[in-house]
Every structure is written in C-alpha cells, then in structure tokens.
Amino acid sequence: MDKRKIIVTSALPYANGALHLGHLVEYLQTDFWVRYQRMMGNDCVYVCADDTHGTPIMIRARKEGITPEALINRSYRARVREFDAFEMGFDLYGSTNCDENRALSESIYLKLKEKGLISRRSVDQLYCDSCGMFLPGRFVKGTCPKCGAKDQYGDGCEVCNATYNAGELLEPYCAVCGGKPSMRQSEQLFFELEPFRAFLREWLSAHTDAATAGKLLEWFNEPLRGWNISRDKPYFGFAIPGEKDKFFYVWLDAPVGYMATLERWAKARGQTLQDWWQDPKAEIYHFIGKDIVRFHCLFWPALLENAGWRTPTQVFVHGFLQVNGEKMSKSKGTFISAATYLKHLPAQSLRFYYACKLNGSVDDMDLNLQDFVGRVNSDLVGKITNLASRGAQMINKSCGGRLGAMDAESRALLTECRAQLSEVLEAYERRDFCRAMVIVREWADRANQLFDAKMPWKLVKEDVEATRAVLTGTLNLFRLMAIVLKPVLPVYAAKVETLFGEAPYAFADAARDVEGTPIGAYEHLAARIDPKAVEAMVEASKESLKTASKTLAEKDIKKGIRQLATKPAEVAFPEPLAETIGIEDFAKVDLRVASVLAAEAVEGSDKLLRLTLDVGEARPRTVFAGIRKSYAPEALVGQQVVMVANLAPRKMRFGVSEGMVVASTDPDGSFRVMQPLTPTAPGARLH
RNA sequence: GGAUCAGUAGCUCAGUGGUCAGAGCAGGGGACUCAUAAUCCCUUGGUCGGUGGUUCAAGCCCACCCUGAUCCA
C-alpha cells in the first residue's frame, strides 16, 4: 500500500495569554490523529507556531516596558514547555515572527496585487491621540448603542448581545488610556471575496463538514464583504511592501505561518516547501475551533487559490470546551490553565479523558470533573492498566519473568479482538476517538473476565506452566490495547514497549504474538486521580483570580491608611448611632441575597429604578429602589444585592414594591449598594 | 433581533421510523484476593425538554414553545 503524505496543522495559539484546557481540546485531538497516521506508516508532518503579531501583543509589551520581541520570546519558551509536558508531538513548533513567514506573506500579497485583487478603500476608524494609534474593536469601550449598557467593548455588547462597529458606541473611550478617541479616515487594503463566490461555495461543501459549510453559506445571501488585510502603524507585524506605514493584519500572516513553519521544517531536512505543500499527492489538514472558520474556510482558500498555492484538503472543525456543563468560568475555578492543570494532575489523564469524549463532531465537549476522575480511575487504571499490573507482577513473581505460549481461550479472545482492529483504525481515521476507546474498554472487560475465570492465583499452586500460559494470554491482550492506545498515550505505550523489551510500536505490531520472551520489571503505568487533587486544581484556578483582585484592593487599603494618617480628627460616624437593640429585634429583619434579573429606570421619577429580583422564590419580585442617581440600570443587571425580604409590600405610584434593597450613603449623598463578596445562591438569608 | 447546534437514567453518552429505549460510571447486594481498596457476578434507576401534528407505528419526521451553548464577518 502506498504511504500517504500528510500535512497537519492546529490553529496557532496567540502569544499573549496562557494555554488553557480549552486550547488543549484542539492540540490533543490533532496529536492523536497525527500519531495514528504515523503508526499507520504514513508520512505525516505536524506543524504549529506561536501567533505573535497584532495590537494586543504590542500593547501588552508597551505596558510591561519591553519590546514585543522580548514578550513573544518569553511566551514561546513557556508554551513549548507546556506542550512538551502534554506529550505533544509537533515536528516543528515555530513562530509567525520569522523570515520565512515574512517572505511568504509578502509573496502571496504581491501575487494578489499583481492580479489586481487588492483594492483600496477609505475607512473610518477610532483613533486615540494619546496612544497615537487606531483602536481595534477590543480596545474601545463605551455605551452600547442598543441597550445603553456602559463599558462595553467596541465589537459587541455583553449585556444585550448586540453586535456593532466600534464607531457606533456612544461615548467611546480608549480601553488602554481612557482617553476620548476621535474618528479618522484612513486608506486600507482589501482582498475582495465577492469575485470568488462560486469558487468558495463549491469549496466549502467539499472541504469541510456540513454544519460549518451551512453556517458560512448563510453569508452568501448578500454580497460577500471584502477583507481588510492592512493595519496602520504603530503595529507589531510585517510591513506591507510598497506601502508607507502599513502592516499586514495579523490574520493574514497567521495562516501563512502554517506554510512558513512547514518550510522551516522541510529546509532542515534538505527539502522545500513545494516538495510538500504543492505535491499533488500530499494531503493538507487544518484542525481549528469553530470560532475561526471564516478565516480558514473563506479567506484562506480564496487567498491560496489566487496566489497559486494548493488549498487544504479538509478543515476539521471542533467545538468549545465546557467544564461541568457550563462555559469555563474564572470565578468558579473552571477556567483552568495548562500550567495549573500540570501542577496538580498528570497530562496523560487528560489525554485519555479527551479521547474518550471526542467524536469528530463540531459539538461542544464537556469536561465533567467527576466523570473525569471516574473514567481515568475505573477505565484506564482499574480495567486496562490493571491487566498489566496483575499479569506482569505475577509472571515475575511466580513464573520466572518469562512468557510462554498462550492458552487456547486467550488466543481465541486475542484473535477476536484483532478482528476489531480495523474498526478501531477507521474510528481513528475519522477522528472518532471515543469509539476507539469504547472498543479498547470492551477488550479490557473481556480480558478481565477471562483472567478471573482462569483464577491463575489458584492455578499457580498446582501448575506453573498452565499459569504461564494464562498470563501470557493476559499480557498479549494488554499489549494489543497498549498499541491501540499509543496515539493517545505515547509515554504510557513507551513504558509498555520497555516492559516487553520491544521496539517502538506501530499498528503492524498488533498482528504479532509475543511468546517465550522475558518480561521486564513492572513499573506503574498510570496513577489514579485523587478527587482532592481535582478540588485543589479548581481552588488554585480561583486563587489566581483572587490574587489579581487583591492587589487592587491592597492599593486602596494603603491609600485609605495614608488618608487616615493625614486626617486623624474625623473619626466620628457620619450619622449618629441608632439605639441599642437585642438579637430578637435583628432577627425580625429578614435579609436575603437577591440576583438582579432586570433593572430599568422608572418613567416619571428621577430617583427610582424598577428592579426584578430573584430571591430564590418561584416568582421574581419587583422592588423599587431610589438609587438611580448612583447606578445606571445596566450596571446592576447580573449583580447580586441584599434586600429586606419581609418588608410589607408598599404601593407606589408606579406599582407595588415587594421589598427594599440595602445600600449605604456616601458623604456626597451617592448610594453604594451592598453585595456578597462572592456569588451566593439567591434567597440565602443573612444572619 | 436573526441563525446554527444540543436537550435520552444521578453523571457522561449510544441509539438507519419497527419487539420491552441501551452502555459505562456512580448507587445497592454478593464473590474473590493475583492486582494501584483494583477485578468478577447480580441488581435499582427513564413521562427520551414541553405541546400539538404526520404515520399502522415517533426518542427519531413536521410545527410551535422552553432551556443551554455558539455565531452574526
């Protein structure tokens, strides 16, 4: 059979920001697939790189007082260490900030320009004078033009989910310096997509999954918008040849980074980029998340096609990671960085769990932490690894550490399992890793059943050779599982290779019986997960957030102390202390935590806000609060407050108020609504 | 607001319109002791999100609704 020639990439992680478990959904599944291809004997090269350009990196470097280059170098080293720890098998992990990428980006652009595919258009953009730069959407904040929520980013409102352009924001301000930006015109370069409508329509249906293609085809109902590929200075990136002070937009040189990294890898072995990318026999696959399909399935193929490069064979799109059925959350400690995970848990546990859950679809994947512990402990350790543990240790202890010939039943079972091997390999090929894991687990169940039925721990007292035969069978079955698991658990498989004294496994080795050879000393292959380690990891993920907010608080505390020192005279309460009461008086006041579901200004009143509060009851309550001068309604939605829940309902001109929100009054007469320090179940009572 | 995907046992998920809706884990009971308190046997769990419809037959097809996730360049 002919060897396939395969190029595989994962999306380039942005160099500003830590890797987290969501990123790993992509890198790990790509790695599984690549290792599977290599074990099939195919020529499979896997490249990836740090995505290093763009405004966020430039600004971060500016804030830290270092050059962008220093920033990306630091990020690169950390990234590579983490990938290594997760057993990633890149052929080359590069950086988009390299000469090859500059040359390729330029040549692709010049080719497009030569063909007349680059147009110029004047664009209105917000410009911050004090920062001296145009502001991308994420760097402008202001009031949402749709719902009036304050402090929303320039690309969309997190309160009402509206999307808009930064220019539409009311009262915009620069997210970096807080200054007021002005609208400026600037000429930008566009790569027009509309001429390639027919090409893209056809390309989409053939080179990605139906869901993704369908999603993107929605845009084909109207003219396809051009893609702005240029950015004004200052910008950290590649200068556009023939232009003054213009740079390639980071999303242009990022995918080109796939090619540039491949080129560097090819050069190192005396080949060229063309030997791979342009080889008609070579297959090109991109693994990406569903958030960046438009770059990979519209811009990228159109760019390549027109610049004279082959377009990808297929774009494999996956969903996002949820943790415990919800979006990853920093406050809940489920926004877990790769580094934090590694401090508490072994990498291979996550690799195994992800493999158990990934099925090649675009659906989001759930990391249920309880399920995670269960899967690893029960399936990987209890069922699969236990076979090696009980088999190898007994054969070393009682049978002189040497395999014999398998007994008939083991041989029969092994033959049956091998018959399913092609099914496992097909599952790997279509990235249905969970199917492969299910089959391996079934093998482990049957092997454990056979082992128990044979009772070698009793048999060994009567017949050592018969025992040797049973254990040889058990270990051959286990070996088959280890071979099949190797794409997922490469380090684990390497230990099994050592145990059997064999060369690195390929799938072809699955056909061979191992009989009559010595068995090495058994060493632990996989550790059980202590649920406490998972708890600690979640706590640590909360910690990092706490320290962040604490540093702010500390500043304020110090400031407060300084002020006290300068003004020691004013120590009296702003308002006289009320008369002393007993605990029974306090108990009469029923204070509850409430979540603000909705808030709106009351028409006809300049003081009141109408709040809809969830107090944990079947029906939300309506409460009127006279805090309008201190709070915009939007600022309260989603927050928690404290309310007096047993206050007699009071009829007001605007409706009935079913309680009272607790707030303090500042010396200047403004209000401060009280809220719990950490999110609390609505309806919780204060004592 | 528009759209896409999802909703099946306590948890994670299977389930080409056709017998009584399945698996693993967790839970309960028993067996065993070689093995990382691992393994083996038996077993309790379900208005298949809701309502209507199509059909001899619906978890599956259609409509509407609810909930969640995501996208709107």
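Below, read A as the first sequence line, B as the second, and so on, with proteins coming before strands; counting in each chain starts at 1.
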(message) So if I take every side-chain heavy atom of A:N386 and compare against B:A69, B:G24, B:U39, which nucleotide ends up nearest?
(response) B:U39
(request) Can you tell me the distance, in whole Å, between the CH2 atom of A:W457 and the P atom of B:C40? (result) 11 Å
(request) Tell me whether B:G49 sits syn or anti, counting syn as a glycosidic angle within 90° of 0. (result) anti
(request) Whole angstrom is fine here: how far is it from CG in A:L459 over to C1' in B:C34? (result) 12 Å
(message) Is A:R375 close enough to B:G24 that one of its side-chain N or O atoms is under 4.0 Å from OP1 or OP2 there?
(response) no
(message) If I take atom CZ in residue A:F451 and atom P in nucleotide B:A38, what distance separates them, rounded to the nearest angstrom?
(response) 17 Å
(request) To the nearest 0.5 Å, tell me how far A:C144 SG sits from A:L170 CG. (result) 8.0 Å
(message) Mind checking if A:Y522 touches a base, just sugar-phosphate, or nothing, with heavy atoms under 4.0 Å?
(response) base
(request) Scan A:L525 against the nucleic acid and name what it touches under 4.0 Å (heavy atoms): base, sugar-phosphate only, or nothing. (result) base
(request) Report the distance from atom CD of A:E442 to atom C1' of B:C25, rounded to the nearest whole Å. (result) 15 Å
(message) So A:A453, base contact, sugar-phosphate only, or nothing? Heavy-atom distance under 4.0 Å.
(response) nothing
(request) State whether A:N359 places a side-chain N or O below 4.0 Å from either non-bridging phosphate oxygen (OP1 or OP2) of B:A14. (result) yes
(message) Please report the distance, rounded to the nearest Å, between CZ in A:F352 and P in B:U12.
(response) 18 Å
(message) Which nucleotide wins on minimum distance to the side chain of A:S389, given the candidates B:U36, B:G24, B:C40?
(response) B:U36
(request) Could you work out the separation of B:G49 and B:U12 based on their P atoms and round it to a whole Å? (result) 15 Å
(request) Among B:U36, B:A73, B:U33, find the nucleotide with the atom closest to the side chain of A:T385. (result) B:U36
(request) Any strand is fair game: report the nucleotide pairing with B:C48 by Watson-Crick or G-U wobble, both distances under 3.5 Å, or none. (result) none
(request) Pick the P atom in B:G45 and in B:G28, then give their distance to the nearest Å. (result) 15 Å
(message) Could you tell me how far B:A57 sits from B:G18 if I compare only their P atoms? Round to whole Å.
(response) 14 Å
(request) Considering just the side-chain nitrogens and oxygens of A:Q449, establish if one lies under 4.0 Å of OP1 or OP2 belonging to B:C41. (result) yes
(request) Return no unless some side-chain N or O of A:R294 is found under 4.0 Å from OP1 or OP2 of B:C72. (result) yes
(message) Using OP1 and OP2 only, check whether a side-chain N or O of A:Q393 sits under 4.0 Å from B:U36.
(response) yes
(message) If you compare every side-chain N and O of A:K215 against the phosphate oxygens of B:C72 (OP1, OP2), does one of them come in below 4.0 Å?
(response) no
(message) Could you identify the nucleotide paired to B:A21, looking across every strand shown and requiring Watson-Crick or G-U wobble geometry with both distances under 3.5 Å?
(response) none
(message) Strictly by Watson-Crick or wobble contacts shorter than 3.5 Å, is anything paired with B:U55, and which nucleotide is it?
(response) none
(request) Examine distances only and state if a side-chain atom of A:Y428 and a backbone atom of A:V484 form a donor-acceptor pair shorter than 3.5 Å. (result) yes
(request) Could you check which of B:U4, B:C25, B:C34 has an atom nearest any side-chain atom of A:K383? (result) B:C25
(request) Output the distance between atom CD (A:E187) and atom CZ (A:R120), rounded to the nearest 0.5 Å. (result) 5.0 Å
(message) Pick the closest RNA chain B nucleotide for A:A444 and for A:D366 by heavy atoms, then say which residue is nearer the 5' end.
(response) A:D366
(request) Mark yes or no: A:K290 above the aromatic ring of A:F320, with NZ or CZ under 6.0 Å from the six-membered ring centre and no more than 45 degrees from the axis. (result) yes
(message) Strictly below 4.0 Å: does A:K357 bring a side-chain N or O up to OP1 or OP2 of B:C13?
(response) yes
(request) Report the residue from A:K458, A:R446, A:R390 that forms a salt bridge (charged side-chain N to carboxylate O under 4.0 Å, His left out) with A:D452. (result) A:R390
(message) From the set B:U36, B:A73, B:A23, return the single nucleotide nearest to any side-chain atom of A:R441.
(response) B:A23
(request) Answer whether the closest heavy-atom distance between the side chains of A:T334 and A:Q322 falls below 4.5 Å. (result) no
(message) Measuring only the P atom in each nucleotide, how far is B:A21 from B:U54? A whole number of Å is fine.
(response) 24 Å
(message) Roughly how many Å apart are B:G53 and B:U16, using the P atom of each and rounding to a whole number?
(response) 26 Å
(request) Assign the ring pair A:W33 / A:F316 to parallel, tilted or perpendicular, where the plane angle (0 to 90°) is split at 30° and 60°. (result) perpendicular
(request) Let me know the distance between CG of A:N324 and P of B:C13, rounded to the nearest Å. (result) 11 Å
(message) By nearest heavy atom, map A:L298 and A:E523 onto RNA chain B; which one lands nearer the 5' end?
(response) A:E523
(request) In whole angstrom, give the distance that lies between atom CG of A:D363 and atom C1' of B:G68. (result) 13 Å
(message) Is there aromatic stacking of A:F320 on B:A69 here, judged by a ring-centre distance under 5.5 Å and a plane angle under 30°?
(response) no
(request) Using the P atom as the reference point in each nucleotide, state the distance between B:A23 and B:A14 in Å, no decimals. (result) 16 Å
(message) Could you tell me the Watson-Crick or G-U partner of B:G68, where both distances fall under 3.5 Å? Say none if there is no partner.
(response) B:C5
(request) Using atom CG of A:D463 as one end and atom P of B:C34 as the other, report the distance to the nearest whole Å. (result) 18 Å
(message) Checking A:H296 against A:Y258: is there a side-chain donor and acceptor pair closer than 3.5 Å?
(response) yes
(request) Using the C1' atom as the reference point in each nucleotide, state the distance between B:U47 and B:A58 in Å, no decimals. (result) 15 Å
(request) Using a heavy-atom cut-off of under 4.0 Å over every strand shown, decide if A:N448 touches base, sugar-phosphate, or nothing. (result) sugar-phosphate
(request) Scan every strand shown for a Watson-Crick or G-U wobble partner of B:U39, both distances under 3.5 Å, and answer none if you come up empty. (result) B:A31
(request) When you get a sec, tell me which of B:U36, B:A69, B:C40 is the closest nucleotide to the side chain of A:H524? (result) B:U36
(request) Taking the six-membered ring of A:F247 (Phe, Tyr or Trp), confirm whether the NZ or CZ of A:R231 is under 6.0 Å from its centre and within 45° of its axis. (result) no
(request) Using the P atom as the reference point in each nucleotide, state the distance between B:C61 and B:A6 in Å, no decimals. (result) 10 Å
